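Encoded as structure tokens, the structure appears first; notes follow it.
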Amino acid sequence: MVLTSGDLCSSHWLSLLGFPGAMLSEVLLVSAPGKVILHGEHAVVHGKVALAVALNLRTFLRLQPHSNGKVDLSLPNIGIKWAWDVARLQLLDTSFLEQGDATTPTPELVEKLKEVAGLPDDCAVTESLAVLAFLYLYLSICRKQRALPSLDIVVWSELPHGAGLGSSAAYSVCLAAALLTVCEEIPNPLKDGDRVNRWTKEDLELINNWAFQGERVIHGNPSGVDNAVSTWGGALRYQQGKISSLKRPPALQILLTNTKVPRNTRTLVAGVRNRLLKFPEIVAPLLTSIDAISLECERVLGEMGEAPAPEQYLVLEELIDMNQHHLNALGVGHASLDQLCQVTRARGLHSKLTGAGGGGCGITLLKPGLEQPEVEATKQALTSCGFDCWETSIGAPGVSIHSATSLDSRVQQALDGL
């Protein structure tokens, strides 16, 4: 059965999630955030600093062991419902998972996974990669067990797919965390009475490492930033392959706007490189200036973690404006992003693109004390432009495990957003 948007009523979702009647003690409920680039997009390609922050639009996973001899995967956001016989998977020669580095999915390994998956030739790329990433993580993590577990897994997301917001990384992080926990490779940190909890640093490192391999199945050669942000949460600094967490970053309220204008990241990156080659004395200082913006933002966020002050929000707004102008000068702006900035500027708010540009998404900082009617009016104005708009926050917690009852309100929010 393939689910359509018409199937996604609340009662259907709650039945999918095992409410009521499920053995809640056996259910694992995991969530992980998306990500946005706060500053440093495009400059990071040229060795400069980028700041990536966890976006509190989350992907949720519900895992329940069962005894029907199957492993079931349901991804209602993209219309997937797939099942495999555990007995058949158990008989597979999984030695191909041990070729070279056992945790590195090679192209040959991915081709072998396609045979195992039994996907039809006309299966869409997005669906195919999501299934292959799941099978890779399931077989790699669970094959150490005496027998492969029979599981029912449902993953759904508040994140729009393909918008550069780290939806595939959040998916891989949720899968890695749940599978490692159910196979007792890492302990379940949820104690009696907890509504939500997180794993230890050592366990999060293992989750992140496996999630990165899932991302490699999907993207081939990812930077590792997206899965790191989704695992650790908060804010991360990335430069030339090195990733480090910012200490105690504040949670900032934002509007996230999807212009829904498609863009090609590779083409945009190539355009900046060509402009740098053509005008090195003009573009190189722009990249250096964007680097300085990232560093200043990092400094201010560090101060805000101690004691936020109104003047710090004014600095953040100035940095947003300057970076947006720089990105336009690099040639990665778009009329839709100009419109976004104009709509929010008319209401005293400050916006910039996030990610590759050329359309895609933008973020708008919401200062404390902003009246809700003003926020709603801004959202309405952006929606009237044909954009999708969410009021959310950045600096969100990383991958987390929830009690069976603590997700009720958030599940409903996810349902309302579908």
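Since the model is a prediction, treat every value here as computed from it, not as a measurement.
Under the 3.5 Å distance criterion, the side-chain polar atoms of W199 are matched with a main-chain donor or acceptor of P187. Of the possible donor and acceptor atoms, none in the side chain of K278 sits under 3.5 Å from a partner among the backbone N and O of R273. The backbone N or O of G362 sits nowhere less than 3.5 Å from a side-chain atom of T354 that would complete a donor-acceptor pair. When atom types are taken as modelled, the side chain of D72 and the backbone of A83 share no donor-acceptor pair closer than 3.5 angstrom. Using modelled atom types, no side-chain atom of R143 and backbone atom of L148 make a donor-acceptor pair closer than 3.5 Å. Under the 3.5 Å distance criterion, the side-chain polar atoms of K260 are left unmatched by any main-chain donor or acceptor of D388. Judged by distance alone, with hydrogens and angles left aside, the side-chain atoms of Q239 form a donor-acceptor pair with the main-chain N or O of G47 at under 3.5 Å. R58 places a side-chain N or O within donor-acceptor distance of the main-chain N or O of G398, the cut-off being under 3.5 Å. When atom types are taken as modelled, the side chain of N208 and the backbone of L204 share no donor-acceptor pair closer than 3.5 angstrom. Between the side chain of T344 and the backbone N or O of Q342, no donor-acceptor pair lies under 3.5 Å.
When only modelled atom types and interatomic distance are considered, S168 and E215 share a side-chain donor-acceptor pair under 3.5 Å. S167 and S157 share no side-chain donor-acceptor pair at under 3.5 Å.
Of the candidates K352, H326, H350, H350 is the only one forming a side chain to side chain donor-acceptor pair (under 3.5 Å) with D321.
Other residues, nucleotides and ligands place no more than 12 heavy atoms under 6.0 Å from the CD atom of E184. Annotation for K367: atom NZ does not count as buried by contact number, only 12 or fewer foreign heavy atoms lying within 6.0 Å. With a 6.0 Å radius and a threshold of 12 heavy atoms from other residues, nucleotides or ligands, E311 has its CD atom above the threshold.
Heavy-atom minimum distance, G40 versus I290: CA-CG2, 3.9 Å. Summarising the geometry of T257 relative to C389, their closest heavy-atom pair is OG1-SG, 3.7 Å, with the distance given to 0.1 Å. Taking both residues in full, the closest heavy atoms of T259 and G360 are given as OG1-O, 2.7 Å, listed atom of the first, atom of the second, then distance. Nearest heavy atoms, L75 versus A130: CD1-CB, 3.8 Å. In this structure, V315 and E296 approach most closely via the heavy-atom pair CG1-OE2, 4.3 Å. The two atoms that bring S223 and F212 nearest to each other are C-CE1, 4.3 Å, heavy atoms only.
D194 is not listed as a side-chain neighbour of S403, based on a closest heavy-atom distance of 4.5 Å or more. Using a 4.5 Å heavy-atom threshold, the side chains of L349 and L370 count as touching. With contacts defined as side-chain heavy-atom distances shorter than 4.5 Å, the pair L165/C361 qualifies. Side chains of F387 and V343 form no contact here, defined as non-hydrogen atoms less than 4.5 Å apart. The shortest side-chain heavy-atom distance between E391 and V375 falls under the 4.5 Å cut-off. Taking 4.5 Å as the limit, every side-chain heavy atom of L268 sits out of range of all side-chain heavy atoms of N264. Side-chain contact between L319 and M322 is present, with at least one heavy-atom pair separated by less than 4.5 Å. Between H402 and S31, some side-chain heavy-atom pair lies under the 4.5 Å cut-off.
Expressed to the nearest 0.5 Å, how far CG of L61 lies from CD1 of I401 amounts to 10.0 Å. Note that CG of L38 and CG of L55 are 11.5 Å apart. Values are rounded to the nearest 0.5 Å. Rounded to the nearest 0.5 Å, atoms CD1 (I363) and OG1 (T392) are 11.5 Å apart. With rounding to the nearest 0.5 angstrom, the CD1 atom of I218 is 13.0 Å from the CZ atom of R216. Distance check: T231 OG1 to L206 CG gives 10.5 Å after rounding to the nearest 0.5 Å. The CG atom of L180 lies 11.0 Å from the CG atom of L28; values are rounded to the nearest 0.5 Å.
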**Request:** With side-chain contact (heavy atoms from CB on, under 4.5 Å) as the test, would you mind laying out the steps for I80 and V131 before giving the verdict?
**Result:** CA-CA 9 Å; I80 284 180; V131 170; 3.9 Å; yes

**Prompt:** Do L179 and L151 pass the side-chain contact (heavy atoms from CB on, under 4.5 Å) test, and can you show the C-alpha distance, the side-chain angles, and the key distance before you say yes or no?
**Reply:** CA-CA 10 Å; L179 291 170; L151 303 171; 3.9 Å; yes

**Message:** For V332 and V272: C-alpha separation, side-chain torsions, deciding distance, then whether side-chain contact (heavy atoms from CB on, under 4.5 Å) applies.
**Reply:** CA-CA 8 Å; V332 297; V272 173; 3.6 Å; yes

**Request:** Give the C-alpha distance, both sets of side-chain angles, the deciding distance and a yes or no for side-chain contact (heavy atoms from CB on, under 4.5 Å) between V399 and S230.
**Result:** CA-CA 6 Å; V399 63; S230 194; 5.8 Å; no

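In this structure, W82 and W84 have tilted ring planes: the angle between them lies in the 30° to 60° band. Ring planes of F60 and W156: parallel class, angle under 30° (limits at 30 and 60°).
A salt bridge between D152 and R62 is present, with a side-chain N of the basic residue lying under 4.0 Å from a carboxylate O of the acidic one.
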